[in-house]
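In what follows, a single structure is set out as structure tokens and then discussed.
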Amino acid sequence: MSTMCRLWDDKPYHSLDWEVQRTFGKKLYRLSVDGGMNCPNRDGTVGTGGCMFCSAGGSGDFAEDRRFSVSEQLSLAKNRISRKLPKTKPYGFIAYFQAFTNTYAPVEYLEKIFTEAIDTDGIEALSIATRPDCLPPEVLELLERLNQKKPVWIELGLQTADDRTADFFGRGYHTSCFTEARAALRHRNIPVIAHVILGLPGEGQEEVLNTIRYLNEQKIDGVKLQLLHILKGTRLAKLYEADGVHALTFPEYEDLLFSALAALRPETVVHRITGDGPKRLLIAPLWSTDKKRVLNTLLHDMKEQGIYQGQWFLSGKG
């Protein structure tokens, strides 16, 4: 086992759980809330219909009901996971604004809902999912102020660094926009987590590695690596039904994931190595529904194969 793995409590990658324990001294649980946003890639500002893989819920299918206030949603989310909470160990929560584009609103409204979340008992950090083209100066200033009260993380939906792939699925911005947003947030000491999807149409190992190399150049703070899910009601579903796109098998996903992790800087925090597709919407791949088994198999196989985060990066291969 590598020295890096021993550093991460014998895990083969720099997991969010390990980093949170090191930073906060306790486990943090993510509470997903819906801030009532829309998306410029849906309302006609950038495009309509959103990215071809995005569900009607704006990737917030596990968030609470937007009809409730932020504090009410957080309370509901706490109750939902109450059975998982430890009885004797300290813990806290991350308020996760997940659905749609969570900086796509007037700054006064954003300040109200983000402050409400930060001021809620037990909230240790704020995680905000958004787009890099929705971070105007006044919003950046707000995020900087909030980050002085409690840690603020910005999650940006990159998915790929290849603009051709991004144009195909309708992302609605160029990768250079992500680069600029990353620089603006870094200037304000706000961590950035990049979302990356493995299995996008037309992308194989080389395209995935190019995305990882780009993130390494950006010295990204965190990354979410997840499988492409084909969900009901999306443009991707229509393409899949017409045999126009391939859903990854588990071995195919494992190969792409292991390559991505091996090429990734070891200091980058890995927030996710798979993802959830809501069962009521998921068309394919169905093997992903057994998340616990998938995670256990991935960890077992990484250790069996001697795969660990950063091994290619450190050797110069990545």
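Here, residue 1 is the first one in the sequence, and each next residue gets the next number. Not measured: the values here are computed from a predicted model.
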Greater than 12 external heavy atoms within 6.0 Å of Tyr109's OH: yes

CD1-CG distance between Ile220 and Leu156, expressed to the nearest 0.5 angstrom: 7.0 Å

Distance under 6.0 Å and angle within 45° of ring axis: Lys238 vs Tyr240: no

Nearest heavy-atom neighbours spanning Thr165 and Pro201: CG2-O, 4.1 Å

Short side-chain to backbone donor-acceptor contact, Asp221 and Val192, under 3.5 Å: yes

Smallest separation among heavy atoms of Ser288 and Leu227, with atom names: CB-CD2, 3.6 Å

Centroid-centroid distance, Phe178 to Tyr173, less than 6.0 Å: no

Nearest-0.5 Å distance, OG1 of residue Thr234 to CZ of residue Phe169: 13.0 Å

Minimum-distance pair of heavy atoms, taken over all atoms of Tyr104 and Thr45: OH-OG1, 2.9 Å

Arg265 NZ/CZ over Phe313 ring centroid, <6.0 Å and within 45° of normal: no

For the student: nearest non-hydrogen atoms of Gly277 and Leu231, plus distance: CA-CD2, 4.5 Å

Asp65 (side chain) donor-acceptor with Gln73 (main chain) under 3.5 angstrom: no

salt_bridge(Arg213, Glu206) N-O dist < 4.0 Å: yes

Least distance between heavy atoms, His14 atom then Gln309 atom: N-OE1, 2.8 Å

Atom pair OH (Tyr13) and CG (Leu264), whose distance is rounded to the nearest 0.5 Å: 12.0 Å

Sequence neighbours excluded - side-chain hydrogen bond (donor to acceptor under 3.5 Å, both in side chains) pairs with any residue from residues 191-202: Glu155-His195

